[in-house]
Amino acid sequence: MGILNRFSDIMRANVNDHLDKRADPEKTIDEALVKAREDLAEVKLETAKVMAAEKTARSRRDDTSARAAREHERAGAALRAGDEKEARRLLAGEAKIREQLVADEKSLEMAQQNTEKMRELYNKLATDIQDMEARKSRIRATMSMADATERLNSAGTPKRSASAAFEQYEDMANRRLDEAQARAELNRRQEDGLDELREKYETQSEETDEALEALKKEFGIK
């Protein structure tokens with residue numbers, strides 16, 4: 001009974017011991033599930049053998065007990081018939097049968113203990129498998145959420161960079177517009193200054209001409 005020889009190891013087995021040491025918990029659980037399912041399949045086979053052994057032990061015990069009871073009745077019948085010698089012989093035979101009955105009781109007790117162990121193993125393995133499957137689902141869901149969050153974070157970074165770039169371009173455009181408007185204002189002011197100078201010079205020229213004509217008249221020059 002190989003599975004019973006490994007009873008203590010299986011009962012002490014805990015997937016947490018492996019999870020603490022492995023970087024890939026899902027892979028660890030997969031490996032543990034494979035082993036637990038193999039053990040469970042072996043448990044089912046061994047259970048059938050153990051139950052059969054218990055049934056055989058119980059039948060042997062019952063048969064031996066019945067034989068002891070029959071020998072006891074026969075000894076009583078012989079004694080009632082006055083055959084004390086026969087009664088003694090039958091009682092001696094009953095004693096040997098009852099010695100065998102003690103051994104049969106022990107065999108039955110061991111078979112019952114093995115059956116109980118198989119029940120414990122089965123329940124333990126079935127519970128472990130359910131727990132590992134549930135934990136595997138939780139781990140997979142958590143990893144999916146982590147992957148989704150990382151994708152969102154990665155997708156968010158270019159958006160922020162693009163926004164910053166647009167702001168930079170916008171500032172550059174505003175500066176260029178301000179510079180262009182300033183140059184336009186300077187050009188306009190220069191043009192206004194030239195117009196004032198032209199008007200001044202033209203006015204001064206007319207005034208000079210008039211003064212010159214007056215001076216000619218004053219001195220009688222034509």
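Source: prediction; values computed, not measured. Every heavy atom of this structure was used, including side-chain atoms; hydrogens, water molecules and symmetry mates were not.
- One distance of note links CG of D128 with CZ of R135; it measures 10.0 Å at 0.5 Å rounding.
- For the residue pair M132 and I29, the shortest heavy atom distance occurs at O-CG2, 3.5 Å.
- Annotation for L108 and R61: closest pair CD2-NH1, 3.4 Å, computed over non-hydrogen atoms.
- Closest of all the heavy-atom pairs between L101 and S65 is CD1-N, 3.7 Å.
- Here the NZ atom belonging to K27 is positioned 5.5 Å from the CD atom belonging to E31, to the nearest 0.5 angstrom.
- Atoms NZ and CG, on K44 and L125 in that order, are 10.5 Å from each other to the nearest 0.5 Å.
- Linking Ile, Leu, Val, Met, Phe, Trp and Tyr whenever their side-chain heavy atoms come within less than 4.5 Å leaves I97 and L79 in two separate clusters.
- We find that R119 and E116 are joined by a salt bridge, their nearest charged nitrogen and carboxylate oxygen being less than 4.0 Å apart.
- D62 and R58 are not joined by a salt bridge, as no carboxylate oxygen comes within less than 4.0 angstrom of a charged side-chain nitrogen.
- Panel note: side chain S59, backbone K55; a donor-acceptor pair is recorded below 3.5 Å.
- There is no side-chain donor-acceptor pair under 3.5 Å between T64 and Q100.
- Summarising the geometry, atom CD1 belonging to I129 is positioned 10.0 Å from atom NZ belonging to K124; distances are rounded to the nearest 0.5 Å.
- Annotation for A87 and A75: closest pair CB-O, 3.5 Å, computed over non-hydrogen atoms.
- Counting heavy atoms from C-beta on, the side chains of L90 and E86 come closer than 4.5 Å.
- Between K117 and E120 there is no salt bridge, since none of the side-chain N atoms of the basic residue sits less than 4.0 Å from a carboxylate O of the acidic one.
- V50 and L40 end up in the same hydrophobic cluster when Ile, Leu, Val, Met, Phe, Trp and Tyr side chains are linked at under 4.5 Å.
- Side chains of R74 and R89 form a contact here, defined as non-hydrogen atoms less than 4.5 Å apart.
- Ion pairing of E94 with R98 is present here, as a side-chain N (NZ or NE/NH1/NH2) and a carboxylate O approach within less than 4.0 Å.
- The 12-atom threshold is exceeded at CD of E133, counting heavy atoms of other residues, nucleotides or ligands nearer than 6.0 Å.
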